[in-house]
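Throughout, protein chains are lettered first and strands after them, A, B, ... in sequence-line order, and every chain is numbered starting at 1.
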Protein chains: 2
Amino acid sequence: MVRQRIEIKKIDNVTSRQVTFSKRRRGLFKKARELSTLCDAEIALIVFSSTGRLFDYSSSSMGQVIERHNQQTENLIQLNQPSLELQLDNSASAIAIKEVEEKTLELRRLRGEELHGLSLEELKKLEKTLEGGISRVLKTKSEVFEKEIAALKRKMGSDIGQTQEQGQSSDQSIITTTTNGSSAAAPPPRDYDSSDTSLKLG
Amino acid sequence: MVRQRIEIKKIDNVTSRQVTFSKRRRGLFKKARELSTLCDAEIALIVFSSTGRLFDYSSSSMGQVIERHNQQTENLIQLNQPSLELQLDNSASAIAIKEVEEKTLELRRLRGEELHGLSLEELKKLEKTLEGGISRVLKTKSEVFEKEIAALKRKMGSDIGQTQEQGQSSDQSIITTTTNGSSAAAPPPRDYDSSDTSLKLG
DNA sequence: GTAACTATATATAATCG
DNA sequence: TCGATTATATATAGTTA
């Protein structure tokens, strides 16, 4: 945005990521407040930093806005009426269920299924999304390929007698294609500072 | 903010309030998306316009963010003890949320994001999926296009009669009307604001 | 209603203290 | 690690078509 325009992708450097987060978060909340005031809109904004800190804002009451959101989204699916008690507190569940449906449909459409009834405009948008995806996938593929080739060359040059294999995911990627002989490119690049408090399934 | 600085208070004029709402809403959602991407933050944003239209965005899953927010704030409030039913409901919620996470990841990868760490094999699979999707989307697009053209031609033929090659005394409203009519079967219009969902109140 | 088009106001990345 | 500064990139109020 300044001095130099930045690309919108995850900032690698942890420090500058935190600085940017702090600045932009303030800006975002300010914009939200302004929109609410100027246009009489009801707004809820929830932000979790990557370290798990919570920031939130609501023009009225967080619960109220969420409840309203819940009511609108609930109408889109047939929820089996759980119990009167539950109805009040299952907003997250209802929303999640609806989200699964939405995302499932979107996935199918990206795969070229369930396209009937879509307008030309929507089809064009899909096409654009797919074009973008394929271009980035191809780019990444070349990068990975180059990296593997380089690693292979290094290995041949220095040491010819070492084989290393690490059980990664349960995916049996032994059946790789020709160029993929030494699967050196599957290191799990995980995050560093995530005191994530999200719940896990048992 | 431009031409002249405005005061942050409710805009009286209804028209300009709506225009401002539309512009600023887009800006706000864009900022939210950018913050999420740049800083790896989890964000939920809910906006109700003064007319009751809903717009929302969530970096991952709305239900998940709300649930996480609830958990954090729950500690501050005295909650009536969770009943057995609620616990069951939470696990259902957790399952749904996990599904949302999985589908979200897959969607992002199809869009060419979050590709790091994927093996060549997985990238090839993605590419194949995308190729298939785009081919079917293109096919459907041509079909829809042909259909609309055909409908248009039929309409013009019956309205104007046949072999009226040169007597172009017919007014343009016919063309306009038929054009609109042919697309009347299009699905309900959505607000094109990325992943925002909009609804109307009764 | 809306789709550009500016001229400015803001936001903010990089830098400095 | 911060706050302050500054040079640019963005956002957008007012306007026009």
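Residue B/Lys31 has a polar side-chain atom (N or O) positioned under 4.0 Å from OP1 or OP2 of C/dT12.
Atom C1' of nucleotide D/dA11 and atom CZ of A/Arg24 are separated by 12 Å, given to the nearest angstrom. Remark: P of D/dT10 and CZ of B/Arg33 are 15 Å apart, rounded to the nearest angstrom. Going from atom CD1 of B/Ile11 over to atom P of D/dT12 covers 12 Å, rounded to whole Å. Rounded to whole angstrom, the span from the CZ atom of B/Phe29 across to the P atom of D/dT10 amounts to 21 Å. The separation between B/Arg17 atom CZ and D/dG14 atom C1' is 18 Å, rounded to whole Å. Rounded to a whole Å, the CZ atom of A/Phe21 is 17 Å from the C1' atom of D/dC2. Rounding to whole angstrom units, NZ of residue B/Lys9 and P of D/dA13 are separated by 15 Å. In this structure, A/Gln18 places its CD atom 12 Å from C1' of D/dC2, rounding to the nearest Å.
Counting non-hydrogen atoms under 4.0 angstrom, B/Thr20 reaches the backbone sugars and phosphates but no base.
When distances are taken from the side chain of A/Thr15 to each of D/dT1, D/dA11, C/dT10, the shortest belongs to D/dT1.
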Anything under 3.5 Å between a protein N or O and an N or O of nucleotides 14-16 of chain C, put it in a table, one pair a line.
from: C/dA14; atom 1: N6; to: A/Lys23; atom 2: NZ; distance (Å): 2.9

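When the salt bridge (Lys or Arg N to Asp or Glu O under 4.0 Å) test is applied to B/Lys141, the partners found at least two apart in sequence or on another chain are A/Glu127. Scanning for salt bridge (Lys or Arg N to Asp or Glu O under 4.0 Å) contacts around B/Lys147 gives an empty result, with sequence neighbours left out.
Taking the charged nitrogens against the carboxylate oxygens, A/Arg111 and B/Glu106 do have a contact shorter than 4.0 Å, which makes a salt bridge. Using a cut-off of 4.0 Å between Lys/Arg side-chain N and Asp/Glu carboxylate O, A/Glu143 and A/Lys139 are scored as salt-bridged. Using a 4.0 Å cut-off between charged nitrogen and carboxylate oxygen, B/Glu114 and A/Lys10 do not count as a salt-bridge pair. Note on A/Arg136 versus B/Glu113: no salt bridge recorded, every NZ/NE/NH1/NH2 to OD/OE distance being 4.0 Å or above.
Between B/Val19 and A/Leu28, it is B/Val19 whose nearest contact on DNA chain C lies nearer the 5' terminus.
A cation-pi contact, defined as under 6.0 Å to the ring centre and within 45° of the axis, is absent between A/Arg53 and A/Phe48.
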